[in-house]
Amino acid sequence: MYTPIFAMTPCRMTWLPVFSGMVAGLVVLLAWKAFHWNAMRYEIVPGGIANILTILIVNRFAGLKNPETEREFETMVAEIKAFRTE
């Protein structure tokens, strides 16, 4: 649900935070259904929250730390900004 949006935005995003978020959302969804908490709240809400929090936390500690890739990202951002001002 939110994973593709997060995969496109931060420059330090790798496969690990995205995959971890999908797994966390799935685990919460399965637990929600197993404990029959569907009557209280639709399971996509807590699953989405778990997904977002996991992506942010894992990305914070296991994000991309490759200076060359970060430099390329910053170069591309600068080129896009220059193109928009033309």
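Since the structure is predicted, the reported quantities are computational estimates derived from the model, not experimental observations. Heavy atoms only: backbone and side chains are in, while hydrogens, waters and symmetry mates are out.
Shown here for Trp32 and Tyr42, the closest heavy-atom pair between the two residues is NE1-C, 4.4 Å. Shown here for Ala50 and Val28, the closest heavy-atom pair between the two residues is CB-CG2, 3.5 Å.
For the side chain to side chain contact (heavy atoms under 4.5 Å, CB included) with Phe61, the lone residue among Ile57, Val58, Asn59 that qualifies is Ile57.
Considering only residues two or more places apart in sequence or on other chains, Leu30 meets the side chain to side chain contact (heavy atoms under 4.5 Å, CB included) condition with Leu26. Val27 is linked by a side chain to side chain contact (heavy atoms under 4.5 Å, CB included) to Val23, counting only residues two or more places apart in sequence or in another chain.
Within the model, atoms CD1 of Ile49 and CD1 of Ile44 stand 11.0 Å from one another, a figure rounded to the nearest 0.5 Å. Atom CE of Met22 sits about 12.0 Å away from atom OG1 of Thr54, to the nearest 0.5 Å. Here the straight-line distance linking atom OG of Ser20 with atom CG of Asn51 works out to 10.0 Å at 0.5 Å rounding.
Applying the salt bridge (Lys or Arg N to Asp or Glu O under 4.0 Å) test to pairs two or more places apart or on separate chains, none has a residue in residues 20-29.
In this pair, Phe35 and Trp37 present their aromatic rings parallel. The plane angle is below 30°, not in the 30 to 60° band.
Residues Glu68 and Glu72 have side chains in contact (heavy-atom distance under 4.5 Å, counting atoms from C-beta outward).
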